[in-house]
Amino acid sequence: MIDRWLRRWLRVPSVRAIRGAITVEENCETAIAAAVAELIHELQAANGIGPEQMISAVFTMTPDLNAAFPATTARFAGWEGVPLLCATEIAVPGALPRCLRILVHAERCWSGPVRPVYLRGAAALRPDLVGRE
């Protein structure tokens, strides 16, 4: 506890992992790109970060999404210097369909908690975190 308070007071940067997810309307390049753009915009705004503070990002998509790489849209959105990885989620029966997830690692001086972002139908994944201020 004292260590966290001291880090904030001294303005020492630290690394945090930020999660997010969004559902995609359909399996097409345009819909995937729109979802990625919305998700990364909201994630950056909610946490006050930009690409210069990002260490890396991992995108996953459910197996029913395969028309585009999320990293392509992220690069066009200014994340060209951020190491990006795309993967497929495990095909669990009954899981939320057409879901795109992200895990971002960022380093900065944090003055408050990390704010995960769950948009559209993905809000059902973590109702305990949606809208939490």
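Please read these numbers as outputs of a predicted model, since none were measured by experiment.
- A pairwise comparison of heavy atoms in I102 and I40 identifies CD1-CG2, 4.0 Å as the closest pair.
- Smallest separation of non-hydrogen atoms from A17 and V114: O-CG1, 3.7 Å.
- Neither side chain, D64 nor N27, offers a donor N or O lying under 3.5 Å from an acceptor on the other.
- With hydrogens and angles ignored, the 3.5 Å screen pairs a side-chain donor or acceptor of Q53 with a backbone N or O of G50.
- Residues I49 and I18 meet the side-chain proximity criterion, which asks for heavy atoms closer than 4.5 Å.
- Take E52 and apply the side-chain hydrogen bond (donor to acceptor under 3.5 Å, both in side chains) test, not counting sequence neighbours, and it matches no residue.
- Taking the side chain as every heavy atom from C-beta outward, Q44 and P51 approach each other to under 4.5 Å.
- Cluster annotation: L100 and L119 are assigned to the same hydrophobic cluster (Ile/Leu/Val/Met/Phe/Trp/Tyr, side-chain heavy-atom contacts under 4.5 Å, transitive).
- Contact record, W79 with A57: CZ3-CB, 3.9 Å, taken as the closest heavy-atom pair.
- By the neighbour-count criterion of 12 heavy atoms within 6.0 Å, atom CD of E29 is sparsely surrounded, having that number or fewer from other residues, nucleotides or ligands.
- In plain terms, the two heavy atoms of C109 and P13 that are nearest each other are SG-N, 3.7 Å.
- Between the side chain of R19 and the backbone N or O of P116, no donor-acceptor pair lies under 3.5 Å.
- Across all non-hydrogen atoms, the minimal contact from A35 to V24 is CB-CG2, 3.7 Å.
- Residues passing the salt bridge (charged side-chain N to carboxylate O under 4.0 Å, His left out) test with R101, sequence neighbours excluded: E89.
- Taken from CG in L125 to OG1 in T23, the straight-line distance is 9.0 Å, to the nearest 0.5 Å.
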Fill in: Derivation of the side-chain contact (heavy atoms from CB on, under 4.5 Å) call for T73 and F59
CA-CA 11 Å; T73 299; F59 290 95; over 6 Å; no
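- A pairwise comparison of heavy atoms in C99 and L65 identifies N-CD1, 3.8 Å as the closest pair.
- Looking at heavy atoms from C-beta onward, L96 lies out of side-chain contact with T62 at the 4.5 angstrom threshold.
- You'll find the side chain of P70 reaches within 4.5 Å of the side chain of M61, heavy atoms only.
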